[in-house]
Amino acid sequence: MLDEVVLSIPDSGSASESTVKPLKRITAAAAHEARILRTLEDLGVAPLALPEGEQGKRGIKSRVREHIGVKTPKNPDGLSDAQFDKAWNAALKSGVIRTG
C-alpha cells in the first residue's frame, strides 16, 4: 500500500550534476485530497463554491466519485469508498472545498 509519495526536482547546482533532492513528502491522504481537487477542476467546478445538491439529482460528490472511480484490479488508480469519503471530509474540514 502506498503510504507516501516523494516529489523531487533536480538540484539547481551545476548543470552537469544529475542529483535529485527530495522536495516534499506527501501522504497518501494528501494525495487523495489533491486528486479530488484536480477532478473538480476537470469537471469545471470551483472547489470553494460547490453547488448545492438538488432534490432527486446526483450531487457533485457523487460525480467526483464516479469520475475518479472505485479501486479495483482493473482500476488500481481509483479510490476505495473509505479513502474517498475520508479525503472528501478532510477537504471539507480544512476548508479546501466548501459549498458556495
Full working for side chain to side chain contact (heavy atoms under 4.5 Å, CB included) between Arg63 and Thr39: CA-CA 9 Å; Arg63 290 177 32 215; Thr39 302; over 6 Å; no
If you compare all heavy atoms of [X] against all heavy atoms of [Y], which two are closest, and at what distance to 0.1 Å?
X: Trp88; Y: Ile60; value: CH2-CG2, 4.2 Å
X: Pro76; Y: Lys71; value: O-CE, 3.7 Å
X: Glu33; Y: Ala91; value: OE1-CA, 3.6 Å
X: Asn75; Y: Val70; value: ND2-O, 3.3 Å

Single-linkage hydrophobic cluster, 4.5 Å side-chain cutoff, Leu43 and Leu79 together: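 Leu43 and Leu79: one cluster.
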Connected via hydrophobic side-chain network under 4.5 Å: Leu92 and Ile68: yes
Where at least one partner belongs to residues 78-100, residue pairs that pass salt bridge (charged side-chain N to carboxylate O under 4.0 Å, His left out), sequence neighbours excluded: Lys61-Asp85, Arg65-Asp81, Arg65-Asp85
Donor-acceptor contact present, side-chain Ser94 to main-chain Ala90, <3.5 Å: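 Yes; judged by distance alone, with no hydrogens or angles, the pair exists.
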Got a list of side-chain donor-acceptor pairs under 3.5 Å for residues 44-55, not counting sequence neighbours?
none

Arg35 CZ to Asp42 CG distance, which is reported to the nearest 0.5 Å: 10.0 Å
Reported OG-to-NE2 distance for the pair Ser80 and His32, which is rounded to 0.5 angstrom: 8.0 Å
